[in-house]
J.: 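Here it is: the structure, laid out below.
These numbers were taken from a predicted model, which means no experiment stands behind them.
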Amino acid sequence: MEKKYMAEPYKIKMVEPIAVTTRAQREEAIRRAGYNTFLLDSEDVYIDLLTDSGTNAMSDNQWAGLMLGDEAYAGSKNFKNLRSAVQDLYGFKYVVPTHQGRGAENILSQILIRPGDYVPGNMYFTTTRAHQELNGATFRDVIIDEAHDSEAEHPFKGNVDLDKFQKLIDEVGPDRIPYISLAITVNMAGGQPVSMANIRAVSELAHSYGIKVIMDATRCAENACFIKHREPGYEDKSIREIIREQFSYADGCTMSGKKDGIVNIGGFLGLNDEDLYQKATSLVVVYEGMPSYGGMSGRDMEALARGLYEAADYNFLAHRLAQVEYLHDKLNRAGIPIVKPAGGHAVFIDARKFYPHIPQDQFPAQTLAAQLYLKSGVRSMERGIVSAGRDKQGNHHYPKLELVRLTIPRRVYTYAHLDVVAEAVIDLYKERDQVKGMRMVYEPPVLRFFTARFEPIE
Ligand code: F0G
């Protein structure tokens, strides 16, 4: 029987035309962009799957909220709405707004890390690790081995390997580990979720040594939906109950509202400890703004407060996961090497297996992202060796996963758009032997993937 994918639980009230380009235009555009999809102009992109970050379509309810922005410098009523939404949905006592997720990561890393510390995490995220390292910490990956294997079918591939975590504690001592950074879901592993049982176990182990649990809440609603679908005992719980339980095991969270807040900009730090909150507020005024706006306008805070509630709606989430699964299933049926199972926000192509003849230091994923744009005007993102950057000795990190991410923005594209994407990827796979790798011709010192430039190897 043919599988059914849930139809959109919304209708379209406003449209934004998108560019249909020719091959010649795209050749010129990608050359100008140094073969880095981050450097393309949005006007030159047909279907934009670069990221699900800040690219969401807001609801009429959120747009209405924009009109209620209280733009007072201090004490905006929209901040109170945002704070009470976070308290109600996530259960944190204190909320420090920031301009986006990395603003919260900056403050959190500064207040918790001392030089020489170690921060374990379930795989790294680029900005999260950059802030840890800027504050003198060493990141240690403690995710389960399956997460590094694109073929491994595991329902909770984002889980922490408790033995790896324990080994790090034994090796460096709990005093050198201020917190474990637990991402729900794990972006770089393929948008893979963490089970409630694992969250609970991580929290017990960490707390038994006085180590804090800080969650990266960026896609916490998607994680909750996976728990409802896949974890025995949670099928009848509401998304809101599951979200609350997830955070009941944490001491704090950093949040990029640009994902599961369904807005275009914004974020926050959630905390329970008053002392940490005081420290965070003294830094937020340096880097972001007053503790009652933290880099957001009143109207942005209102849209975020409303978006957090909308993201905790089961129908919204079930459709979102269905869209990702639809694209995943189409590519999988065509034999394209992709990360399995389907994740929460994106489909990830395994570029090493797609272009096995291109060595990793000739950037197979970066090459595939450029080729996909050339073929179809679809913009995707490299998540491999370029994103992983260099170690302290200046050598490339060679991540096991060399991926291209097809990221699906929330409420923006239809299943027909996803058909276009799938067809383009399938065509490229047929021509894979003819493609050569690239060389990097410009590289910035940190977070290089954003602005690095490349040239095709002739
Ligand atoms: N944590 C995770 C898991 C993320 O995916 C991101 C952003 C951040 C933190 C930082 O948040 O962008 O608001 O400062 N991810 C985007 C992406 C950029 O495309 O995956 P931010």
Side-chain angles (χ1 to χ4, degrees), residues 6 8-11 51-66 78 81-92 95 97-98 100-101 104 158 183-187 191-194 196 199 215-230 234 237-248 250 253-270 296 299-325 342-346 407-413:
M6 181 180 170
E8 286 74 12
Y10 48 81
K11 57 185 177 176
T51 177
D52 62 330
S53 181
T55 52
N56 308 297
M58 293 203 293
S59 66
D60 52 359
N61 175 52
Q62 287 175 291
W63 280 102
L66 293 187
N78 310 111
N81 292 345
L82 174 60
R83 185 176 55 195
S84 73
V86 177
Q87 288 168 337
D88 179 29
L89 290 165
Y90 292 19
F92 290 109
V95 180
T98 57
Q100 59 184 70
I184 54 171
T185 61
V186 185
N187 187 354
Q192 302 293 335
V194 182
M196 195 72 87
I199 295 174
M215 284 187 185
D216 183 335
T218 296
R219 296 183 183 84
C220 63
E222 288 162 14
N223 200 77
C225 196
F226 278 119
I227 288 176
K228 185 175 169 73
H229 286 172
R230 296 182 184 170
Y234 286 90
K237 293 225 194 285
S238 70
I239 294 292
R240 283 174 66 168
E241 284 172 310
I242 299 173
I243 291 177
R244 266 306 272 263
E245 188 183 339
Q246 291 179 146
F247 291 120
S248 72
C253 80
T254 54
M255 174 69 176
S256 169
K258 301 169 75 171
K259 285 79 159 177
D260 278 354
I262 327 184
V263 288
N264 306 118
I265 194 74
F268 57 84
L269 181 59
M296 276 187 278
R299 55 182 177 269
D300 290 335
M301 291 189 283
E302 188 60 35
L304 178 53
R306 293 174 184 219
L308 291 174
Y309 279 102
E310 291 179 20
D313 172 65
Y314 177 67
N315 287 328
F316 160 75
L317 288 168
H319 166 260
R320 172 150 182 72
L321 298 192
Q323 276 205 330
V324 176
E325 205 177 341
H345 64 300
T407 336
I408 304 187
R410 293 167 189 75
R411 306 191 288 212
V412 172
Y413 293 115

J.: How many angstroms lie between CD1 in Ile265 and OG in Ser256, if you round to the nearest 0.5 Å?
T.: 8.0 Å

J.: Any idea which heavy atoms bring Ala318 and Met6 closest together, and the distance?
T.: CB-SD, 3.8 Å

J.: Atom CE of Met196 and atom CD1 of Ile227: how far apart are they, to the nearest 0.5 Å?
T.: 4.5 Å

J.: A side-chain contact here means heavy atoms from C-beta on lying under 4.5 Å apart; do Arg240 and Tyr309 qualify?
T.: yes

J.: If we ignore hydrogens and angles and just use 3.5 Å, is the side chain of Asp260 paired with the main-chain N or O of Glu222 as donor and acceptor?
T.: yes

J.: Measure across Val324 and Ala346 and return the closest heavy-atom pair with its distance rounded to 0.1 Å.
T.: CG1-O, 3.5 Å

J.: Find the distance between SG (Cys220) and CD1 (Ile242) and round it off to the nearest 0.5 Å.
T.: 12.0 Å

J.: Is the side chain of Arg244 donor-acceptor paired with the backbone N or O of Asp88 at a distance under 3.5 Å, no angle test?
T.: yes

J.: With a 3.5 Å cut-off and no angle check, do the side chains of Thr218 and Asp216 form a donor-acceptor pair?
T.: yes

J.: Under 4.0 Å between a side-chain nitrogen and a carboxylate oxygen: does that hold for Glu310 and Arg410?
T.: no

J.: Side chains of Leu304 and Phe268: does their closest heavy-atom pair fall under 4.5 Å?
T.: yes

J.: Run the numbers on Phe226 and Gln192 for side chain to side chain contact (heavy atoms under 4.5 Å, CB included), then give the verdict.
T.: CA-CA 9 Å; Phe226 278 119; Gln192 302 293 335; over 6 Å; no

J.: Can you name the closest pair of heavy atoms from Thr55 and Val412 and give their distance?
T.: O-CG2, 3.2 Å

J.: Would you mind reporting whether Leu317 and Ile239 have side-chain heavy atoms less than 4.5 Å apart?
T.: yes

J.: Search all heavy atoms of Ala85 against all heavy atoms of Ala305 and return the closest pair with its distance.
T.: CB-O, 4.0 Å

J.: What I'd like to find out is whether the side chain of Leu308 reaches to under 4.5 Å of the side chain of Met255, using heavy atoms alone.
T.: yes

J.: Check each of Lys258, Arg219, Arg411 against Asp52 using the salt bridge (Lys or Arg N to Asp or Glu O under 4.0 Å) test, and report the only one that passes.
T.: Arg219

J.: Roughly how far apart are Glu302 CD and Leu82 CG, rounded to 0.5 Å?
T.: 9.0 Å

J.: Arg306 versus Val263: any side-chain heavy-atom pair under 4.5 Å?
T.: no

J.: Please round to the nearest 0.5 Å and tell me the distance separating atom OG1 of Thr254 and atom CD of Gln100.
T.: 12.0 Å

J.: Measure the shortest side-chain to side-chain distance between Lys237 and Lys228 over non-hydrogen atoms and say whether it is less than 4.5 angstrom.
T.: no

J.: Just by distance, do the side chain of Asn78 and the backbone of Asp300 share a donor-acceptor pair under 3.5 Å?
T.: no

J.: What's the spacing between Cys253 SG and Phe92 CZ if we round to 0.5 Å?
T.: 4.5 Å

J.: What are the two closest heavy atoms between Gln62 and Ile262, and how far apart are they?
T.: NE2-O, 3.0 Å

J.: Asn187 and His345: which non-hydrogen atoms are nearest, and at how many Å?
T.: OD1-NE2, 2.9 Å

J.: Are any of the side-chain heavy atoms of His229 and Leu321 separated by less than 4.5 Å?
T.: yes

